[in-house]
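A quick write-up on the structure given underneath.
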Protein chains: 2
Amino acid sequence: MSSRDQLTGAMAELLWERGYAATSPRDVMARAGVGQGSMYHHFGGKHELAVEALSSVVGKVTGESSVLEGEGSPLERIKRYLTAPRPGTRGCRVGRMTQDPQVVADAELISIVASAFDTVLDRWERAITAAIEAGELPDTVVPADLARTLAAIIQGGYVLARAKGEQEPMDAAIRGAVAMLDAAHASVRDHD
Amino acid sequence: MSSRDQLTGAMAELLWERGYAATSPRDVMARAGVGQGSMYHHFGGKHELAVEALSSVVGKVTGESSVLEGEGSPLERIKRYLTAPRPGTRGCRVGRMTQDPQVVADAELISIVASAFDTVLDRWERAITAAIEAGELPDTVVPADLARTLAAIIQGGYVLARAKGEQEPMDAAIRGAVAMLDAAHASVRDHD
DNA sequence: GTCTATACATTGATAGAC
DNA sequence: GTCTATCAATGTATAGAC
């Protein structure tokens, strides 16, 4: 693997583990196993390296086809996506960036984060719309709203898990969400 | 106001605006309008000052009686608490700390955060239990789970709002949550 | 109690040899 | 392309005068 790839890989890991502000070029070079000159040859500096690393992470996450667009009924897909395994205490690779003041102040970095959420929210919205059309959710539900609610539950689950240093709050938040979706589903069926 | 109070106040503000790692003792002293000697006279260092400032913030937030324990039916109180104004792009004073690697690694700081969430989650849980007993939510709902779901929606709402630099994602997430609670409520009534 | 001066490590970047 | 040496600025803390 090239020095360049070693560097973006190491930066991606460190962005996840420590965030942007807390990661120094020295940390990245040490993990990548390359010298200082190598890094400043391939990249203009920390900012440029982070842009490339974060873009790569977001590309991988939003590039792969989502469970939300897979097999099964819309509500099944929604619940399957919600209950997919998520190590809560490690935090979200993308969402964690929003709490880093240096990232939010950096137009280029925050726009990568914003567009990643746009992509995910769009998938949520389409799955929810399909669920309403399939009669699995009441038509009083606004897809754009519920999309943000469900995305927030995952993001907030990470916050709760990190606050306690345990996985359980994340899992509990997801179980509660699924229970609410089931109750909403029940409220539609009863009106048939 | 004493220098000591100026310092804790300034640190509390900066913890909110920039987090712990990104706040230097120099920043705090500048905002507090005191010299260096003054700070190191009152506090052992940055850590000690942050502990006092964060404890004070958490004390104020969890000390005041919550809307969750106020007037109205349990479900009304839950919805009123959810829809209380929250400037999303500023982030949560407490929740933001969980994404700061230096805070999570600091046993004293993270325990302040954890206990703040414990307090809030306990209030959520009691209100939800009361709503179930009042027949406003289905008894299939697990209070401890839904408490974490609703707390996560607020925390995740901050993340989405900061990602976009807008208030709207937070408000949308809350509207979606209220809609789901209403749907769940409907599913109970129909079974009467 | 508060101030200024100073110390020492780390950060992010540059210079220049190979 | 990669290395080591070095730099100016900043972060955190101490010293010592008043």
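Letters A, B, ... mirror the listed sequences (proteins, then strands); counts begin at 1.
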Phosphate-side-chain proximity, Tyr40(A) and dA13(C), N/O vs OP1/OP2 below 4.0 Å: yes

How close or far is atom C1' of dT11(C) from atom NE2 of His47(A), stated in whole angstroms? 17 Å

Does a salt bridge link Glu168(B) with Arg148(A), judged by any charged N lying under 4.0 Å from a carboxylate O? no

Between Arg18(A) and Asp27(A), is the closest basic N to carboxylate O distance under 4.0 Å? yes

Roughly how far, to the nearest 0.5 Å, is the OG1 atom of Thr98(A) from the CD atom of Gln99(B)? 7.0 Å

Ion pair Asp122(A)/Arg126(A), N-O distance below 4.0 Å: yes

Value in whole Å for how far the C1' atom of dT14(C) lies from NE2 of His42(A): 17 Å

Arg162(B) side, atom CZ; Phe117(A) side, atom CZ - distance, nearest 0.5 Å: 12.0 Å

Report yes or no: do Glu166(B) and Thr89(B) form a side-chain donor-acceptor pair below 3.5 Å? no

Contact list please: residues 30-38 of chain B against DNA chain D, heavy atoms, distance less than 4.0 Å, in numerical order. Gln36(B)

If you draw a 6.0 Å radius around CZ in Arg90(A), do more than 12 non-hydrogen atoms from other residues or ligands fall strictly inside? no

Rounded to the nearest angstrom, tell me the gap between atom CG in Leu49(A) and atom C1' in dA13(C). 14 Å

Just checking, is any N or O donor in the side chain of Gln102(B) or Asp106(B) under 3.5 Å from an acceptor N or O on the other one? no

Would a 4.5 Å heavy-atom cut-off, applied to side chains only, mark Met170(A) and Ile174(A) as touching? yes

Using the salt bridge (Lys or Arg N to Asp or Glu O under 4.0 Å) rule, take Arg123(A) and Glu69(A) through it: C-alpha gap first, then chi angles, then the decisive distance, then the call. CA-CA 7 Å; Arg123(A) 287 179 185 160; Glu69(A) 297 160 320; 3.6 Å; yes

The correct set of residues in residues 7-27 of chain A placing a heavy atom under 4.0 Å from DNA chain D is none

Going 5' to 3' along DNA chain D, which are the first and last nucleotides with any atom under 4.0 Å from a heavy atom of chain B? dG11(D) to dT14(D)

